[in-house]
Amino acid sequence: VRSPDGRPLAGVWVRSGQPVLFGSVLAVSAADGAFELGPLAAGSHVLVAEGAAGVETKGVETKEVFTLADGEQWIWNPRLDAGREVRGRIEVPGRELGGWIVRGVQPASAPGAGHYLERATTDAGGNFTLLRAPERPTDITLHAPGAAFLLSREQAVVAGGAAIVLRADP
């Protein structure tokens, strides 16, 4: 299992069948992204790779449908690429850039919306990625480490667009 930029992902759930139902088969990817799922009976299968709690791709999934012949092995190299990412960086003069909180927010009351809330933490360079942004425009907010108050907001951001810059003067 690989990230959108090709890095191996550990701790990703890979399954055939519905989650937590009798008859589903589950594996978890290793540090190198490898997994072995089986045994699977001959027939049609839907494989799902999904980021689990504690994995950087939590809530992101990809699916593949295939038909397996009796005794056949099948190789699948999934890439968890939601295609709904919001990438960006922060600019905060005179402050360390790592550890700031960036949130994607859209209340359930927004037109055509279901509730959306996602949180990312900036790296040492001030970069962040929200992996599960909705297809419709959403608000992106910036919060200082350990503080709840809002320092910056970018409204109507569309996932998959150019990287955004959040600026704050704390």
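All values derive from a computational prediction rather than experimental measurement.
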query = Is the CG atom of Asp32 crowded by more than 12 outside heavy atoms at less than 6.0 Å?
reply = yes
request  = Take atom CD of Glu96 as the centre, draw a 6.0 Å sphere, and report whether it contains more than 12 heavy atoms from other residues, nucleotides or ligands.
outcome  = no
So which atom in [X] and which in [Y] form the shortest heavy-atom distance, rounded to 0.1 Å?
X      : Y      : value
Pro145 : Gly98  : CG-O, 4.4 Å
Ala31  : Ala10  : CA-CB, 3.6 Å
Leu142 : Ala168 : CD2-CB, 3.9 Å
Ala163 : Gly88  : CB-CA, 4.2 Å

query = Between the main-chain N or O of Ala42 and the side-chain N or O of Glu72, is there a donor-acceptor pair closer than 3.5 Å?
reply = no
message = Using only atom types and a distance under 3.5 Å, with no angle test, would you say the side chain of Thr138 pairs donor to acceptor with the backbone of Gly104?
response = no
Between atom [atom1] of [X] and atom [atom2] of [Y], what is the distance when rounded to the nearest 0.5 Å?
X      : Y      : atom1 : atom2 : value
Ile140 : Glu154 : CD1   : CD    : 8.5 Å
Asp123 : Phe128 : CG    : CZ    : 10.5 Å
Leu47  : Leu68  : CG    : CG    : 9.0 Å

Taking only residues two or more places apart in sequence, or in another chain, which ones meet [X] in a side chain to side chain contact (heavy atoms under 4.5 Å, CB included)?
X      : result
Ser29  : Val1, Val12
Leu26  : Trp13, Arg15
Pro8   : Arg2
Gln155 : Asp139, Arg153

message = Just to verify, what does Arg103 make a side-chain hydrogen bond (donor to acceptor under 3.5 Å, both in side chains) with, not counting sequence neighbours?
response = His143
key: Ser152: side-chain hydrogen bond (donor to acceptor under 3.5 Å, both in side chains) partners, not counting sequence neighbours   = none
message = Test: side chain to side chain donor-acceptor pair (under 3.5 Å). Region: residues 36-45. Which pairs qualify, not counting sequence neighbours?
response = Ser16-His45
Is it the case that one hydrophobic cluster holds both [X] and [Y], taking links as side-chain heavy atoms less than 4.5 Å apart, direct or via other members?
X      : Y     : answer
Phe66  : Leu37 : yes
Trp76  : Leu40 : yes
Trp74  : Val14 : yes
Ile101 : Leu97 : no

ask   = Picking from Asn127, Thr129, Val102, what satisfies side chain to side chain contact (heavy atoms under 4.5 Å, CB included) with Thr122?
value = Val102
inquiry  = Working note: Leu166 + Trp100, criterion side chain to side chain contact (heavy atoms under 4.5 Å, CB included); need CA distance, chi angles, decisive distance, verdict.
reply    = CA-CA 11 Å; Leu166 297 172; Trp100 290 70; over 6 Å; no
